[in-house]
Amino acid sequence: TRSFIARIDPEANLKYKTHYDLGDIVTCQVKRWGVSVDMRITEIKEIYTGEGFGLEITFGTGQLSYSDNIRRITNG
């Protein structure tokens, strides 16, 4: 299982709800790790603060719970 959470710059050239949204498959790049993968957006949290608007996006399947892991092992 691969997943990670990233904060997205809402002022970037690709705009939320216009260029990407929940369920889309996007290319994620982390230059400092040298990683580039295509992953589905599985969760989006819209964050509103006094400093403005931000996004926290989960890519991939996320972490499995204990019961999910047991079910996965027993179902092969």
Side-chain angles (χ1 to χ4, degrees):
T1 301
R2 292 185 305 182
S3 67
F4 59 95
I5 296 174
R7 291 203 182 270
I8 305 299
D9 178 3
E11 302 303 319
N13 62 339
L14 298 176
K15 301 293 182 194
Y16 172 53
K17 298 258 186 200
T18 301
H19 297 105
Y20 62 92
D21 203 348
L22 184 65
D24 288 346
I25 296 175
V26 298
T27 300
C28 303
Q29 293 182 327
V30 181
K31 292 180 182 178
R32 70 176 186 207
W33 295 345
V35 174
S36 180
V37 293
D38 294 332
M39 299 189 83
R40 184 174 306 277
I41 298 173
T42 56
E43 181 180 357
I44 297 177
K45 291 182 184 178
E46 296 179 359
I47 302 166
Y48 299 90
T49 67
E51 297 174 10
F53 174 73
L55 297 171
E56 185 178 276
I57 298 181
T58 303
F59 302 90
T61 56
Q63 292 185 343
L64 298 176
S65 68
Y66 179 75
S67 59
D68 289 336
N69 276 319
I70 297 296
R71 194 174 308 115
R72 189 170 151 201
I73 291 168
T74 58
N75 291 333

Those residues at least two apart in sequence (or on a different chain) that pass side-chain hydrogen bond (donor to acceptor under 3.5 Å, both in side chains) with Thr27 are Asp38
Hits for side-chain hydrogen bond (donor to acceptor under 3.5 Å, both in side chains) against Glu51, two or more places apart or cross-chain, chain-then-number order -> none
Is Tyr16 close to Ile57 at the side-chain level, that is, under 4.5 Å between some pair of heavy atoms?
no
Out of Val26, Ile41, Ile44, which one pairs with Asp21 under the side-chain contact (heavy atoms from CB on, under 4.5 Å) rule?
Ile44
Could you tell me how the ring of Phe53 sits relative to the ring of Tyr48: parallel (under 30°), tilted (30 to 60°) or perpendicular (over 60°)?
tilted
Would Ile25 and Leu14 show up in the same hydrophobic cluster when neighbours are defined by side-chain heavy atoms closer than 4.5 Å?
no
So do Glu56 and Ile47 actually touch side chain to side chain, heavy atoms under 4.5 Å?
yes
Are side-chain heavy atoms of Tyr20 and Leu55 found at a separation under 4.5 Å?
yes
Can you tell me how far the CG atom of Asp24 sits from the NE2 atom of His19, to the nearest 0.5 Å?
11.5 Å
